[in-house]
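Quick note on labels: first sequence line is chain A, next is B, and so on, each numbered from 1.
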There are 4 protein chains.
Amino acid sequence: MVDEEARGPGRPRSERARQAVLAAALALAAEAGPAGLTMEAIARRAGVSKETLYRWWHSKIEVVLDAMVDRGQQTVPLPDTGTLAGDLRAFLHATADSLDLGTARLLQSLAAAAAADEDTAIAIRDRFLAARRAALGQLLQRAAGRGEIDPGRAGLALDFVYGSLWYRLIFRVGPVDHQWADDVAAAIAAM
Amino acid sequence: MVDEEARGPGRPRSERARQAVLAAALALAAEAGPAGLTMEAIARRAGVSKETLYRWWHSKIEVVLDAMVDRGQQTVPLPDTGTLAGDLRAFLHATADSLDLGTARLLQSLAAAAAADEDTAIAIRDRFLAARRAALGQLLQRAAGRGEIDPGRAGLALDFVYGSLWYRLIFRVGPVDHQWADDVAAAIAAM
Amino acid sequence: MVDEEARGPGRPRSERARQAVLAAALALAAEAGPAGLTMEAIARRAGVSKETLYRWWHSKIEVVLDAMVDRGQQTVPLPDTGTLAGDLRAFLHATADSLDLGTARLLQSLAAAAAADEDTAIAIRDRFLAARRAALGQLLQRAAGRGEIDPGRAGLALDFVYGSLWYRLIFRVGPVDHQWADDVAAAIAAM
Amino acid sequence: MVDEEARGPGRPRSERARQAVLAAALALAAEAGPAGLTMEAIARRAGVSKETLYRWWHSKIEVVLDAMVDRGQQTVPLPDTGTLAGDLRAFLHATADSLDLGTARLLQSLAAAAAADEDTAIAIRDRFLAARRAALGQLLQRAAGRGEIDPGRAGLALDFVYGSLWYRLIFRVGPVDHQWADDVAAAIAAM
DNA sequence: CGGTAAGCGAGACGGTACGTCTTGTCTTATT
DNA sequence: AATAAGACAAGACGTACCGTCTCGCTTACCG
């Protein structure tokens with residue numbers, strides 16, 4: 001009883017093609033941003049036919065989401081400093097550090113797709129944002145257990161942290177840097 | 001004697017065309033959302049040639065921004081209840097109330113465009129977001145004058161309020177309703 | 001076992017689209033003349049996308065030339081009456097008879113395109129005029145073999161015959177009818 | 001009884017504008033050929049408004065025709081050598097000599113316009129070709145008077161001469177040079 | 001000498017064709 | 001059955017020219 005996937009007849013799906021597509025999607029999103037991220041370009045760059053692309057993914061965002069999951073993009077580790085302020089500071093510093101130019105463009109691609117289509121937004125929320133919210137939520141739960149924060153406000157804190165991050169990323173209202181991380185950590189810890 | 005405008009020779013710009021374009025852009029953004037908002041569609045709906053459209057606006061977002069400025073979209077009045085919590089509650093309730101489905105789609109169109117292109121983002125920030133931030137900023141300044149809030153945190157409060165709003169709008173993380181308004185008002189007032 | 005064509009992978013070219021385009025081009029040229037013959041109109045009429053049109057043809061004239069070759073437009077048969085005068089009379093009568101209003105408009109479309117662009121002119125010359133010149137040239141060679149005409153003048157005779165035909169067609173200097181055919185036949189035979 | 005034109009009130013037509021338009025049209029036709037000869041370009045180059053252009057001319061060809069008449073373009077002088085062959089040779093050599101590249105492009109512009117529109121063709125025929133035909137016709141009449149040629153064939157000779165010229169010009173079937181002039185002169189004189 | 005009228009430049013307007021691009025679907029031969 | 005190759009219909013993109021239109025300014029005449 002091996003988990004062989006019970007493959008039927010016919011040519012098996014090409015792992016090579018799958019990898020190439022995922023890599024191409026990430027690279028394009030990071031290099032060219034939302035404008036250059038098209039199904040056509042992904043297929044071209046991956047050396048894969050559009051037919052294959054559309055067979056397995058229905059939109060560029062599915063590709064990107066798959067790629068990020070596959071690459072384990074969500075690797076901001078959960079700190080444990082003993083205090084909410086410390087935990088937040090560490091977590092947000094790591095978050096800010098991960099936001100190089102390419103990553104910013106990738107996230108902007110996600111935001112553009114989410115804003116443009118409700119289904120896409122929900123997919124991104126459930127497959128990408130959820131993990132980040134869960135991680136930060138864990139930090140806040142721990143703090144609530146220590147009495148450092150009102151558990152009823154945990155949800156709003158999530159919105160504040162990630163809301164301000166995306167707000168800055170999308171509308172270029174300000175940088176997402178260590179200053180931001182410190183300020184947000186302090187404000188949330190005092191909530 | 002004052003609004004002479006010093007018009008030169010040549011046929012004057014058609015106010016009729018301008019109005020029709022602005023109305024068409026707003027209507028399309030509200031009805032069809034980001035997907036249906038194309039230069040072609042705006043021209044068609046406004047009964048205006050593409051030539052004319054491109055003569056005065058270089059992208060759909062410029063049109064929408066002009067339309068919103070022209071329509072005085074930013075009509076959330078500044079309340080004055082005497083306390084920050086009260087002011088915030090009133091302001092955010094009014095904000096939430098203004099977010100009907102059409103308006104939400106319009107804002108999503110803006111967000112999609114901002115995420116996709118830096119110049120567009122900056123234009124939206126300076127021509128649209130700035131007024132909202134200024135209004136809310138005024139409330140916070142007043143509160144800072146009364147000692148209700150640390151003036152150094154006013155900027156972050158702006159990010160939190162509008163960040164959470166856009167975050168919910170874009171990623172459908174939650175509604176922007178009276179519950180949201182109350183929660184945010186309370187949290188910000190306690191900051 | 002012979003007409004294998006060695007077709008590679010990929011969806012084969014649509015014969016239906018090709019036929020529709022050729023028919024549309026001929027119909028438009030015959031009905032509307034040079035003015036109505038646009039790539040847009042051909043695509044519209046053929047029920048074909050502009051993409052497809054431009055993939056296979058780079059200009060309206062290529063389409064028309066292909067259509068004429070495909071339709072075997074050059075169907076004036078070579079007569080053999082025994083004398084040059086007889087041959088010419090028969091050939092030119094047939095030529096004049098083929099010049100109904102639609103055909104005239106089609107030829108005018110060709111002339112307009114040839115006059116406007118050298119490459120187009122050469123394409124028309126080599127792909128369309130050449131066959132007519134060859135046919136008439138054969139008649140003249142035969143006559144030269146019988147000693148009826150100076151072989152050195154055959155080239156000029158071609159220019160005279162077709163030159164006068166196009167001259168009349170383009171500048172409306174006179175009709176291309178049986179009178180013309182008789183006059184030209186007599187003059188050339190006497191050369 | 002002066003030819004004062006009985007000018008009424010109002011600003012008189014600008015001779016400067018008229019000259020500039022005619023010069024621009026000729027220059028454009030000679031430099032850019034049929035493709036570059038647009039009303040827009042003529043107005044631009046002449047420093048004249050499109051309004052003015054359309055007030056006095058209804059199409060680019062009217063402009064070009066006016067320009068050629070104004071410039072006295074038809075200056076091939078009538079030779080008188082005593083024999084038809086001599087006259088023809090001289091006349092056609094002069095004709096060939098006048099056909100530099102710019103002139104050829106100008107004539108091609110005329111041909112393209114004539115082929116594309118019947119009214120235009122008739123205008124060109126009556127205002128431009130007629131003079132050439134008359135000149136050559138005179139030569140032939142003279143020859144007929146001397147018994148050198150059948151007067152009934154004069155019309156056809158005109159078609160042969162100018163037909164072969166335009167045929168070569170339009171379809172690039174061959175050069176219009178001294179060789180052509182000699183060949184045509186000999187053939188026509190022998191008719 | 002002041003009024004009237006036409007010409008002019010400038011340039012905006014609705015229309016339409018251009019040639020290119022991306023989308024999502026489809027049809028083949030090959031693996 | 002999956003692949004690559006690539007054709008296809010649809011339709012938006014931004015540009016160009018068309019012929020018309022409305023302005024303010026200029027340049028004549030005519031009363």
Side-chain angles (χ1 to χ4, degrees), chain A residues 7-14 16-18 37-41 43-44 46-56 58-60, chain B residues 6-18 35-44 46-56 58-60, chain C residues 6-18 36-44 46-56 58-60, chain D residues 6-18 37-44 46-56 58-60:
Chain A
R7 198 150 44 67
R11 178 177 179 174
R13 175 172 181 186
S14 161
R16 190 229 121 236
R18 187 175 154 274
L37 187 66
T38 68
M39 289 297 256
E40 202 98 47
R44 204 156 41 223
V48 146
S49 74
K50 283 169 64 183
E51 168 65 21
T52 301
L53 196 49
Y54 277 104
R55 181 192 305 276
W56 299 107
H58 293 321
S59 73
K60 43 194 156 203
Chain B
R7 193 150 48 63
R11 179 175 178 172
R13 178 172 179 184
S14 161
E15 184 59 21
R16 188 229 122 237
R18 188 175 153 272
L37 187 65
T38 68
M39 288 296 256
E40 203 100 85
I42 294 173
R44 207 158 37 224
V48 144
S49 74
K50 284 169 66 181
E51 165 76 23
T52 298
L53 193 50
Y54 279 104
R55 182 194 305 277
W56 299 106
H58 294 320
S59 75
K60 41 197 154 205
Chain C
R7 196 151 44 63
R11 179 176 179 173
R13 177 170 179 186
S14 161
E15 184 59 20
R16 189 229 122 237
R18 188 175 153 273
L37 187 65
T38 69
M39 289 295 258
E40 203 99 52
I42 294 173
R44 207 155 41 221
V48 145
S49 74
K50 284 169 64 181
E51 164 74 22
T52 299
L53 193 49
Y54 278 104
R55 183 194 303 278
W56 298 107
H58 293 320
S59 73
K60 39 199 156 203
Chain D
R7 192 149 47 63
R11 179 177 179 171
R13 177 171 179 187
S14 159
E15 183 59 20
R16 190 228 120 237
R18 189 175 154 273
L37 188 65
T38 69
M39 288 296 256
E40 203 97 41
I42 294 173
R44 207 156 38 222
V48 145
S49 74
K50 282 169 65 183
E51 167 67 21
T52 300
L53 198 47
Y54 277 103
R55 183 194 303 276
W56 301 107
H58 293 321
S59 75
K60 42 196 156 204

Asks: In terms of the nearest nucleotide of DNA chain E, which residue is placed more toward the 5' end: B/Pro12 or C/Glu40?
Replies: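 Of the two residues, B/Pro12 wins.
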
Asks: Does F/dG6 have OP1 or OP2 sitting under 4.0 Å from an N or O in the side chain of A/Arg44?
Replies: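 False: A/Arg44 side-chain N/O out of range (4.0 Å or more) of F/dG6 OP1/OP2.
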
Asks: Could you check how far CG of D/Leu53 sits from C1' of F/dG19, rounded to whole Å?
Replies: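 Interatomic distance, CG of D/Leu53 to C1' of F/dG19: 11 Å.
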
Asks: Could you check how far CZ of A/Arg55 sits from C1' of F/dA5, rounded to whole Å?
Replies: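 Answer to the nearest Å: 14 Å.
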
Asks: To check you understand the geometry: which heavy-atom pair defines the closest contact between D/Leu37 and D/Lys60, and what is its length?
Replies: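 Smallest interatomic distance, heavy atoms only, reads O-CD, 3.2 Å.
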
Asks: Let me know, please, whether C/Ala41 or D/Ala46 comes out on the 5' side of the other along DNA chain E by nearest nucleotide.
Replies: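 First, find each residue's nearest nucleotide; the 5'-ward one identifies D/Ala46.
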
Asks: Could you report the tightest heavy-atom contact between B/Lys50 and B/Ala43, atom names first, then the distance?
Replies: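 Heavy-atom minimum between the residues: CG-CB, 4.1 Å.
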
Asks: Does a nitrogen or oxygen in the side chain of C/Arg13 sit under 4.0 Å from OP1 or OP2 of E/dC26?
Replies: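 Answer is no, no contact under 4.0 Å.
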
Asks: Whole-Å distance between F/dC13 C1' and B/Glu51 CD?
Replies: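 Checked: the CD to C1' distance equals 15 Å.
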
Asks: Within this structure, what is the CD-CH2 distance for the pair B/Glu51 and B/Trp56, rounded to the nearest 0.5 Å?
Replies: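 Rounded to the nearest 0.5 Å, the CD-CH2 separation comes to 11.0 Å.
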
Asks: From the list E/dC8, E/dA10, E/dA17, which nucleotide is the closest neighbour of the side chain of B/Pro9?
Replies: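 Among E/dC8, E/dA10, E/dA17, the one nearest the side chain of B/Pro9 is E/dA10.
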
Asks: Grab the CD-C1' distance between D/Glu15 and E/dG7 for me, whole Å please.
Replies: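 Answer to the nearest Å: 14 Å.
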
Asks: Look at the side chain of C/Arg11 and decide which nucleotide, out of F/dC8, F/dT3, E/dC13, has an atom nearest to it.
Replies: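 It is F/dC8.
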
Asks: Can you tell me how far apart OG (B/Ser49) and CZ (B/Arg55) are? Round to the nearest 0.5 Å.
Replies: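 That separation rounds to 8.0 Å.
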
Asks: Side-chain N or O of B/Thr52 versus OP1/OP2 of E/dG14: is the shortest distance under 4.0 Å?
Replies: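 B/Thr52 to E/dG14 OP1/OP2: side-chain N or O found under 4.0 Å.
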
Asks: Would you mind telling me which residue lines up with the more 5' stretch of DNA chain F, B/Gly10 or B/Thr38, judged by nearest nucleotide?
Replies: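 Closest to the 5' end, via its nearest nucleotide, is B/Thr38.
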
Asks: Once you round it to whole Å, what is the distance between C1' of F/dG14 and CD1 of B/Ile42?
Replies: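 Atom-to-atom, B/Ile42 to F/dG14, this comes out as 14 Å.
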
Asks: Considering every strand and a 4.0 Å limit on heavy-atom distances, what is the contact class for A/Arg18: base, sugar-phosphate, or nothing?
Replies: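 A/Arg18: no heavy atom of the nucleic acid under 4.0 Å.
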
Asks: Checking contacts here: which listed nucleotide (E/dG15, F/dT3, E/dG19) is nearest the side-chain heavy atoms of B/Ser49?
Replies: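 The listed nucleotide nearest to B/Ser49's side chain is E/dG15.
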
Asks: For the side chain of C/Tyr54, counting heavy atoms from C-beta on, which of F/dT3, E/dC8, E/dG19 is nearest?
Replies: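 Side chain of C/Tyr54 sits closest to E/dG19.
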
Asks: Measuring from atom CZ of B/Arg16 to atom CZ of B/Arg18, what distance do you get when rounded to the nearest 0.5 angstrom?
Replies: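 Here the rounded value is 13.0 Å.
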
Asks: Is any side-chain N or O of C/Lys50 under 3.5 Å from a base N or O of F/dG11, one able to act as donor and the other as acceptor?
Replies: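 Looking at the base of F/dG11, it does not pair with any donor or acceptor on the side chain of C/Lys50 (distance under 3.5 Å).
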
Asks: For B/Lys60 and F/dG11, give me the distance from atom NZ to atom C1', rounded to whole Å.
Replies: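 In whole Å, F/dG11 C1' and B/Lys60 NZ are 13 Å from each other.
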
Asks: Kindly say if D/Trp56 contacts the phosphate of E/dC8, meaning a side-chain N or O under 4.0 Å from OP1 or OP2.
Replies: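 So the side-chain polar atoms of D/Trp56 do come within 4.0 Å of the phosphate oxygens OP1 or OP2 of E/dC8, strictly under.
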
Asks: Counting only side-chain heavy atoms from C-beta out, which of F/dA9, E/dC13, E/dT27 sits nearest to C/Val48?
Replies: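 The listed nucleotide nearest to C/Val48's side chain is F/dA9.
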
Asks: F/dC8, E/dG14, F/dG24: which one has an atom nearest the side-chain heavy atoms of C/Ala17?
Replies: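 For the C/Ala17 side chain, the nearest candidate turns out to be F/dC8.
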
Asks: Out of curiosity, B/Leu53 CG to B/Arg44 CZ, how far, rounded to the nearest 0.5 Å?
Replies: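 The CZ atom of B/Arg44 is 11.5 Å from CG of B/Leu53, to the nearest 0.5 Å.
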
Asks: In whole angstrom, give the distance that lies between atom CZ of D/Arg16 and atom C1' of E/dC8.
Replies: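 These atoms are roughly 9 Å apart.
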
